[in-house]
Engineer: 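Pasting a structure here, questions to come.
Chain letters run A, B, ... following the sequence lines, proteins first, then strands; residues in each count from 1.
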Amino acid sequence: MMEMRSEMAVIQPRARSGPLPKRGLPWGRWFHWLYCSLSYIFLLSPMIVVIGASLHGGEYYTAIKFPPEDPSFQWYFKIPAAQFHALGLSFLLGGAATLGACLVGIPAALGIVRSNLPLKTLISALFRAPLQIPAIVTGIAFLQLYFLVGDATGLYAQGTFLGLYLGHFFVATPYVIGTVTAILQRFDNRLEEAALSLGASRWRTFRRVTLPVIMPGVYAGALYSFMVSFGDVPISIFLTAPGFTTYPVELFYGLENDFDPSILASASLVIFFCLIVLLGMQKLVGLEALLRSGSR
Amino acid sequence: MSRVLLTRVVKKFGDFTALKSLDLEVKEGEFLTLLGPSGCGKTTTLRLIAGFLTPTSGTILLGDEDVTRVAPQHREIGMVFQDYALFPHLTISDNIGFGLQERGYPKDKIRQRVDELLDLIQLPEVHDRYPSEVSGGQQQRIAVARAVAYPPRVMLMDEPLGALDLKLREAMQVELRRIQQELGITTVYVTHDQTEAMNMSDTIVVMNLGEIEQMGSAEEIYNHPKTSYVANFVGQVNTLPGRLLGRGDGVVTIGTDIGEFRCASQGEAAAGSAVMIAIRPESIRLISGASGDSDASDGTVNRVSGTVSTRRFAGNLVSILVSMEDGSTMTLEDHPRNLDVQPGEQVTLAWRVSESTLLTE
């Protein structure tokens with residue numbers, strides 16, 4: 001044994017001095033805390049300022065005041081009715097755009113992942129194209145299109161729900177396609193074969209196996225679509241008309257033309273509303289559904 | 001009556017021919033295994049029976065019914081996949097009851113059947129759990145229960161034990177065979193593992209390059225392989241290439257580089273043709289030192305001498321490698337007490353004429 005060792009390269013273990021280093025150095029943990037705290041402050045501070053400033057209790061003025069003086073809810077009672085109308089339209093539009101995006105996006109994703117059409121890459125690039133066009137260009141393009149169609153047929157779509165809807169549907173759909181495509185690529189086709197072998201028809205297989213398994217992707221895509229539609233200004237601003245505006249456009253005009261803290265109050269309400277909806281979704285379908293579909 | 005009958009089935013994928021005119025019959029209640037390396041066409045055959053693929057030509061019968069162009073959902077088959085393919089979003093009860101639900105059975109009937117099957121697979125307490133919450137072996141048994149819940153005309157299994165570790169795989173072989181026999185279901189099983197095939201099957205079909213190489217019981221395949229491919233795929237084998245010199249009564253004489261040997265043969269290989277003798281490592285006995293055995297002269301035993309080159313101990317078995325005078329080697333396997341030799345020793349090897357097989361290709 002010793003002889004063999006002498007022929008090999010000799011590596012002497014280094015002598016160790018002092019105690020073994022301990023893990024979890026305190027400054028490391030402090031740094032971790034500091035980093036996370038600063039990140040959260042950065043992300044949340046605009047919202048805190050909006051909510052804080054909406055509680056301004058003094059008389060009318062034209063600048064955002066934070067922290068608020070003499071906090072009160074007075075501005076919450078002075079929100080103009082037009083903003084509620086706009087909010088209603090935005091919800092309706094967002095919901096309809098999301099529904100349309102799902103109805104088109106899910107079959108499109110299935111086609112992109114499963115088919116072997118010769119022009120598959122081109123088609124999938126086309127479906128993603130709306131994300132690559134600056135939104136303001138999309139808005140102008142739709143307006144131009146509506147003028148062209150209007151001039152030819154006498155039916156002008158700008159300022160109508162349909163006109164607005166098409167624009168939102170256009171930008172919302174790629175999000176559903178994207179998330180559903182991603183989850184379909186991980187989908188085990190044998191699940192469908194198993195369902196078929198058990199006597200389920202193609203449609204029943206889709207309903208009972210494929211759709212439930214890709215549902216987290218649908219939820220995620222639907223959430224994105226709704227948020228994109230709900231928050232959109234650059235497209236909507238071209239396709240709305242006075243008296244027929246979406247909520248962000250209404251806020252935008254409000255800030256530009258006659259600012260007062262009631263806009264902040266209205267924005268705060270929406271922030272709270274969204275917070276409640278997100279918490280609800282998290283509880284209903286959130287993390288658990290995502291984890292379940294990910295593991296087999 | 002045959003339960004599955006494939007007649008002159010050809011399957012081409014573009015220019016590639018996966019199956020070249022396959023004829024296969026699976027009898028009622030039989031456990032038939034398609035054995036071969038990947039790419040031999042065994043999985044293609046299974047998927048053709050399932051209906052996930054349509055043959056380029058030929059017909060497939062289930063029972064007396066021509067199902068060649070019938071969609072899988074109308075074939076009444078049970079399929080078990082290698083990675084189980086349990087529905088992740090359904091409970092184990094719903095997984096097992098899926099086929100019954102799709103066929104419109106009432107809830108209480110389904111519940112009763114699910115209970116029955118969970119008893120059969122010896123997992124009575126898992127109804128409301130999800131597939132991800134049970135172990136791999138349990139998932140596999142659940143997949144079997146799901147496949148047989150609505151009695152299938154044939155159960156198809158595609159390497160169902162491939163994902164399990166060795167110990168569990170052996171236990172599951174016994175388990176699957178028990179379930180299959182208890183239910184008497186005609187079964188087609190696909191594997192590349194010859195031990196698995198021999199442990200479970202009534203009939204083994206050895207496939208190679210889209211064709212059936214040999215079909216028979218485990219013992220027939222092992223003891224009387226027809227080709228060197230089968231002999232080598234099923235177990236270990238020593239092959240001695242040579243030339244057929246003469247033919248006697250069920251016995252032929254073959255000349256090789258290390259001497260003349262006699263070999264059992266029912267075939268019709270002509271004198272002068274190139275052949276091979278196949279001898280299983282466990283069929284060879286060891287006679288230490290120089291020859292001088294009593295059964296030397298009666299012609300029922302072949303013998304050859306060589307030098308032990310390595311000895312490998314594997315617990316219940318020892319295998320030794322013996323170098324012949326022409327440089328080739330032969331492997332022997334036996335109980336350690338019968339192979340008490342060391343590398344470098346001169347030995348004589350002996351095997352019965354009846355325990356060697358003539359291979360023609």
Engineer: Can you confirm whether more than 12 heavy atoms, excluding those of Arg114(A), are under 6.0 Å from its CZ atom?
Structural biologist: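 Yes - once you tally the heavy atoms of other residues, nucleotides and ligands closer than 6.0 Å, there are more than 12.
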Engineer: Step through the shown structure and confirm whether more than 12 heavy atoms of other residues, nucleotides or ligands are within 6.0 Å of CZ on Phe272(A).
Structural biologist: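 Open: at most 12 neighbouring heavy atoms sit under 6.0 Å from CZ of Phe272(A).
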Engineer: Mind listing the closest non-hydrogen atom pair of Ala147(B) and Leu198(A) along with its distance?
Structural biologist: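 Heavy-atom minimum between the residues: CA-CD2, 4.4 Å.
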Engineer: Identify the two heavy atoms, one from Leu90(B) and one from Arg208(A), that lie closest to each other, and give their separation to 0.1 Å.
Structural biologist: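 Leu90(B) and Arg208(A) have their closest heavy atoms at CD1-NH2, 4.1 Å.
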Engineer: Where does Phe81(B) contact chain A at under 4.5 Å (heavy atoms): side chain, backbone, both or neither?
Structural biologist: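 Contact with chain A involves the side chain of Phe81(B) alone.
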Engineer: What residue, out of Arg146(B), Arg75(B), His74(B), has the most heavy-atom pairs lying under 4.5 Å from chain A?
Structural biologist: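 Most heavy-atom pairs within the cutoff with chain A belong to Arg146(B).
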Engineer: Could you look at Phe52(B) and say if it's the side chain, the backbone, both or neither that has a heavy atom under 4.5 Å from chain A?
Structural biologist: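 For Phe52(B), side-chain heavy atoms alone lie under 4.5 Å from chain A.
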Engineer: For residues His89(B) and Pro212(A), report the shortest heavy-atom separation together with the two atoms involved.
Structural biologist: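 Smallest interatomic distance, heavy atoms only, reads CD2-CB, 3.3 Å.
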Engineer: How long is the span from the OH atom in Tyr84(B) to the CG atom in Leu191(A), to the nearest 0.5 Å?
Structural biologist: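 So the gap between those two atoms works out to 14.0 Å.
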Engineer: Do Glu193(A) and Met79(B) have side chains that get closer than 4.5 Å, going by heavy atoms?
Structural biologist: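 No - every pair of side-chain heavy atoms lies 4.5 Å or more apart.
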Engineer: Just wondering, more than 12 heavy atoms not from Lys120(A) lying within 6.0 Å of its NZ?
Structural biologist: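 Enclosed.
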Engineer: Testing the basics here: between Asp83(B) and Asp188(A), what is the closest heavy-atom pair and its distance to 0.1 Å?
Structural biologist: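 So the minimum-distance heavy-atom pair works out to OD2-OD2, 3.8 Å.
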Engineer: Is the shortest heavy-atom distance from the side chain of Phe98(B) to the side chain of Val209(A) under 4.5 Å?
Structural biologist: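 Yes, at least one pair of side-chain atoms sits under 4.5 Å.
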Engineer: With a sphere of 6.0 Å drawn around CZ of Phe91(A), does it hold more than 12 non-hydrogen atoms of other residues, nucleotides or ligands?
Structural biologist: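 Atom CZ in Phe91(A) is crowded, with more than 12 foreign heavy atoms closer than 6.0 Å.
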Engineer: Using a cut-off of 6.0 Å, state whether more than 12 heavy atoms not belonging to Glu125(B) lie near its atom CD.
Structural biologist: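 No, not enclosed.
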Engineer: If you count heavy-atom pairs under 4.5 Å with chain A, which of Glu76(B), Gln82(B), Arg103(B) comes out on top?
Structural biologist: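 The answer is Arg103(B).
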Engineer: What is the minimum heavy-atom distance between Ala85(B) and Ala194(A), and which atoms define it?
Structural biologist: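 In this case the closest contact between Ala85(B) and Ala194(A) is O-CB, 4.0 Å.
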Engineer: Can you confirm whether Arg207(A) is buried at CZ, in the sense that more than 12 heavy atoms of other residues, nucleotides or ligands lie under 6.0 Å from that atom?
Structural biologist: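 No.
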Engineer: Tell me, yes or no, whether the heavy-atom count around Arg177(B) atom CZ, taken from other residues, nucleotides or ligands under 6.0 Å, exceeds 12.
Structural biologist: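 Yes, because the 6.0 Å sphere around CZ of Arg177(B) holds more than 12 heavy atoms from other groups.
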Engineer: Take atom CZ of Phe13(B) as the centre, draw a 6.0 Å sphere, and report whether it contains more than 12 heavy atoms from other residues, nucleotides or ligands.
Structural biologist: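 For Phe13(B), atom CZ is crowded (more than 12 foreign heavy atoms under 6.0 Å).
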